Amino acid sequence: MRLAKLTLSGFKSFADPTEFRFDLPIIGIVGPNGCGKSNVVDAIKWVLGERSAKSLRGGAMLDVIFAGSAARKPSGMAAVTLSFENPVVGEEIVRAERAKATGGIDFDTEDSEAPANANAPTSLSASLSLGDHEASIVKRSQVTHRRLPIDADMVDVTRRLYADGRSEYLINGKKVRLRDIRELFLDTGIGNDAYSIIEQGKVDAMLLANPQERRQILEEAA
Amino acid sequence: MRLAKLTLSGFKSFADPTEFRFDLPIIGIVGPNGCGKSNVVDAIKWVLGERSAKSLRGGAMLDVIFAGSAARKPSGMAAVTLSFENPVVGEEIVRAERAKATGGIDFDTEDSEAPANANAPTSLSASLSLGDHEASIVKRSQVTHRRLPIDADMVDVTRRLYADGRSEYLINGKKVRLRDIRELFLDTGIGNDAYSIIEQGKVDAMLLANPQERRQILEEAA
Amino acid sequence: SRSRFEETFKTVRENFAGHDGMFRRLFGGGSADLFLLPMDAGPRAGEIDWLESGVEIRAKPPGKEPRVINQLSGGEKTMTAVALLMAIFQSKPSPFCVLDEVDAALDEANVERFCAALKQFLDRSHFIVITHHKRTMQSCDMLYGVTMPQRGVSKRVAVKFEEVGSDGRLSKAATE
Amino acid sequence: SRSRFEETFKTVRENFAGHDGMFRRLFGGGSADLFLLPMDAGPRAGEIDWLESGVEIRAKPPGKEPRVINQLSGGEKTMTAVALLMAIFQSKPSPFCVLDEVDAALDEANVERFCAALKQFLDRSHFIVITHHKRTMQSCDMLYGVTMPQRGVSKRVAVKFEEVGSDGRLSKAATE
Ligand SMILES: Nc1ncnc2c1ncn2[C@@H]1O[C@H](COP(=O)(O)OP(=O)(O)OP(=O)(O)O)[C@@H](O)[C@H]1O
Ligand SMILES: Nc1ncnc2c1ncn2[C@@H]1O[C@H](COP(=O)(O)OP(=O)(O)OP(=O)(O)O)[C@@H](O)[C@H]1O
Ligand SMILES: [Mg+2]
Ligand SMILES: [Mg+2]
């Protein structure tokens, strides 16, 4: 699964619709102090389901909406879309991941009654909240043979916040709940304070953390 | 009052006696990562009376003693000396500082019984712990007409810690207590978590602090 | 589950602290360790509990004997943290990794080693790296500039390395 | 005492937030404020208490409208903190000030303004500045190098600016 592009509009200092494509392996973002580089990081955290305004450097979640400047009036909403390539992966890889997830037990027989439509929010979260963590991962990868449990080559995740406080969350254009977005990325290593986003000034957080906090980061990778 | 030089020996990575003279206004300390630059800052904090090992990046105070390396055995003690020029200042300046300290009241008559020897530890701390903060500052500057209440053009402050845990504190060669060193620098803006030492990674501490903590920093400057 | 954490932990430890692990690669030597702390209470007090024990780090740059990890310098802490992050990444790469000015405390020699280490993950993940360091910019395959030609409003521009001025500003050519 | 704090506070506020104050000087514009918070309990609830009230900061870089100070970027926070520090210093200079890599988050344009601001305090205080930035080194009147020719043992050397290599290492001439 590969990150394809990021689109933001009305998010923090990005008043106008702006797109970042991720076509090459190492992408640098550069520019003077205060121009919006870390705001791009906040946008990625936010669209992946960040719930804490403080963790986005704001006082309240409404602070992510472009608040106006000397040159512009405030925006009516903030919108961010993150697009992933989600190809079908080889069958052997799926089996290997399954074996790793379940300690070698084959769940094939159980999964024949897997939900037909993995995209509908109720069945997605239903399958993900089925008691055992490993069983759900098995269901996810078997249903679609893709890293994200959505049966599509491209997955667009969108989050919107309106100035009146109303929120919208979409996966490939379908409205879902915030928790569906968070669950979508469960166990992928991204989102949810995992190890994939190192914020400015936070690189040695893992060294300064207490032993239990460090354990949690490693459990996310397990 | 001007900083003149810093001497360290056996302090953290400075196994050998090392001297830094401060002859010019802006002095840069440069070098690769891990070579000892911030250890120089720790030495200054320590000799001014720092009591918290954690604030010196150690687990215990004994961690400031050179612990040995691939090339050397550990040291038997850590010693740091900070030397200040402490010239007599003009009479008008002393009067102005006094007026500022006491809100304009003239304490002259009271000070005729000031202790004759301002260097002995008992009289120093006795004069400094005389009830009223302002009265003591007046006594200090009148007795000596110098910024530091020591009747000498040069003031050397030394702190030593031995591997067996024994400590020594000296002002111009005379043994004193740690609190005498801390009180010596009271109200000068240095030492004691005032605003004069900004540690690595701590520059925006004042912005992130809570309103009461910020107040305390300003009170140190008052 | 216990076995999955145990397996992951051992893999990460080898990637981080092993003889050819990330720590020794980023420091050009020295040694490090990742270990579980014995429980201090409960039925398994004094023993390691794979389901409950906390994780501790030890880091020894070449030739040094630090007693606690906090004694390390700013740059040494960054390199140690990056080594651990990459060790986790090797065991379970996520689709992308965002690094916001992680090179802020590094001298040029360490920026060099950091960039070299980045290059080896290319086949599996995107790295999005925010930086003010020229050397790090040189290691990127493409650069996006972010500027504010209109006050308070961010704008994205594509940037060639030569267009980043020594004052960190993007040249006029870049902002068109 | 109340009157001394009040007088100091007003001086620092003017030095920091005034029209010719440090904030506007370091940002080339914008506005800032330093103010006391009304008490939220006790006999003076709802009012400012000169003996008890906490201190709050507001900072508005040119053209921007941040609602909370945490929204500012890394470099903007550094410049704001430096402006406040210098404002305090102007009101009560201590004999020396130690700045350990305070320029870590600054781009080159801001390092320039930071260095210019440093120069104006020369008559009263020593500044001891630890840095990896070439431009900051150029603003120093003298440079001490700290190296480790013997592993784990620090050594001080006097350094001329030309002897600091682009890799942050000190040239062979410097280490003799
Ligand atoms: N909701 C908002 N509306 C408008 N501007 C905002 C909003 N939230 C934050 N900002 C502005 O965005 C700027 C911060 O941008 P950001 O943190 O991305 O900078 P940066 O490029 O990372 O800089 P640095 O190199 O200093 O870290 C601040 O000046 C802040 O005022
Ligand atoms: N008691 C001690 N004995 C020997 N070495 C020590 C002792 N305490 C700390 N050190 C070593 O000193 C080094 C840290 O030095 P310091 O923090 O001064 O580096 P620095 O020059 O500021 O580097 P940076 O540019 O990365 O901030 C560490 O490698 C640490 O192991
Ligand atoms: Mg930033
Ligand atoms: Mg340092």
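Computed from a predicted structure; not experimentally measured. Per chain, numbering begins at 1; letters A, B, ... match sequence-line order.
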**Request:** Examine distances only and state if a side-chain atom of B:Arg72 and a backbone atom of D:Arg151 form a donor-acceptor pair shorter than 3.5 Å.
**Result:** no

**Asked** Are side-chain heavy atoms of B:Tyr195 and D:Leu84 found at a separation under 4.5 Å?
**Response** no

**Request:** Give, as side chain, backbone, both or neither, the part of B:Ile44 having an atom under 4.5 angstrom from any heavy atom of chain D.
**Result:** side chain

**Message:** Checking the side chain of D:Ser94 only, and the main-chain atoms of B:Ile190 only, is there a donor and an acceptor separated by less than 3.5 Å?
**Reply:** no

**Asked** Does B:Arg21 offer a backbone N or O that forms a donor-acceptor pair with the side chain of D:Tyr144 under 3.5 Å?
**Response** yes

**Between B:Ser69, B:Ala209, B:Cys35, the one whose heavy-atom pairs under 4.5 Å with chain D are most numerous** = B:Cys35

**Asked** Can you check whether B:Leu24's main-chain N or O pairs, donor with acceptor, with D:His126's side chain at less than 3.5 Å?
**Response** yes

**Prompt:** Quick one: what part of D:Val12 sits under 4.5 Å from any heavy atom of chain B, side chain, backbone, both or neither?
**Reply:** side chain

**Complete:** Given D:Asp100, D:Thr78, D:Val98, D:Leu72, the one with more heavy-atom pairs under 4.5 angstrom with chain B than any other is D:Asp100

**Message:** What's the separation between atom CD in D:Glu76 and atom CG in B:Leu207, rounded to the nearest 0.5 Å?
**Reply:** 11.5 Å

**Prompt:** Given side chains that start at C-beta, do those of B:Glu220 and D:Ile88 come closer than 4.5 Å, heavy atoms only?
**Reply:** no

**Prompt:** CD1 of B:Ile29 to CG of D:Leu99: how many Å apart, nearest 0.5 Å?
**Reply:** 11.0 Å

**Asked** Are D:Val146 and B:Asn39 close enough that some pair of their side-chain heavy atoms sits under 4.5 Å apart?
**Response** no

**Complete:** Filtered by a 4.5 Å non-hydrogen cutoff, the part of residues 31-38 of chain D contacting chain B is D:Leu34, D:Leu36, D:Leu37

**Prompt:** Are side-chain heavy atoms of B:Phe22 and D:Phe96 found at a separation under 4.5 Å?
**Reply:** no

**Request:** Spell out the residues in residues 52-62 of chain D that have some non-hydrogen atom less than 4.5 Å away from a non-hydrogen atom of chain B, in order of number; otherwise answer 'none'.
**Result:** D:Glu52, D:Ser53, D:Gly54, D:Val55, D:Glu56, D:Ile57

**Prompt:** At their closest point, which heavy atom of D:Val82 faces which heavy atom of B:Val203, and how far apart are they?
**Reply:** CG2-CG2, 4.2 Å

**Request:** Go through D:Cys97, D:Cys140, D:Pro95, D:Ser154 and name the one with the most non-hydrogen pairs under 4.5 angstrom from chain B.
**Result:** D:Ser154

**Request:** Would you mind checking which part of B:Phe84 comes under 4.5 Å of any heavy atom in chain D, side chain (CB onward), backbone (N, CA, C, O), both or neither?
**Result:** side chain

**Message:** Against the six-membered ring of D:Phe5, is B:Arg215 placed for a cation-pi contact (under 6.0 Å from the centre, within 45° of the normal)?
**Reply:** yes

**Message:** Working to the nearest 0.5 angstrom, can you tell me the gap between D:Arg156 CZ and B:Leu6 CG?
**Reply:** 11.0 Å

**Item:** Proximity breakdown for D:Ile130 and chain B, heavy-atom pairs closer than 4.5 Å
**Value:** both

**Prompt:** Where does D:Ile128 contact chain B at under 4.5 Å (heavy atoms): side chain, backbone, both or neither?
**Reply:** both

**Complete:** If one checks every heavy atom of D:Thr136 against chain B at 4.5 Å, the contacting part turns out to be neither

**Any donor-acceptor N/O pair, D:Asp141 side chain to B:Ile26 backbone, under 3.5 Å** = yes

**Prompt:** chain D: which of B:Lys37, B:Met1, B:Glu19 shares the most heavy-atom pairs with it under 4.5 Å?
**Reply:** B:Lys37

**Message:** Are D:Asn70 and B:Leu208 packed together at the side-chain level, in the sense that at least one heavy-atom pair is separated by less than 4.5 angstrom?
**Reply:** yes

**Request:** Measure the CD-NZ distance between D:Glu101 and B:Lys202 for me, rounded to the nearest 0.5 Å.
**Result:** 13.0 Å

**Message:** How about CG on D:Asp40, more than 12 heavy atoms from neighbouring residues, nucleotides or ligands closer than 6.0 Å, or not?
**Reply:** no

**Part of B:Thr18 within contact of chain D (heavy atom distance under 4.5 Å)** = side chain

**Asked** Is the backbone N or O of D:Gly152 less than 3.5 Å from a side-chain atom of B:Ser13, with the two atoms forming a donor-acceptor pair by type?
**Response** no

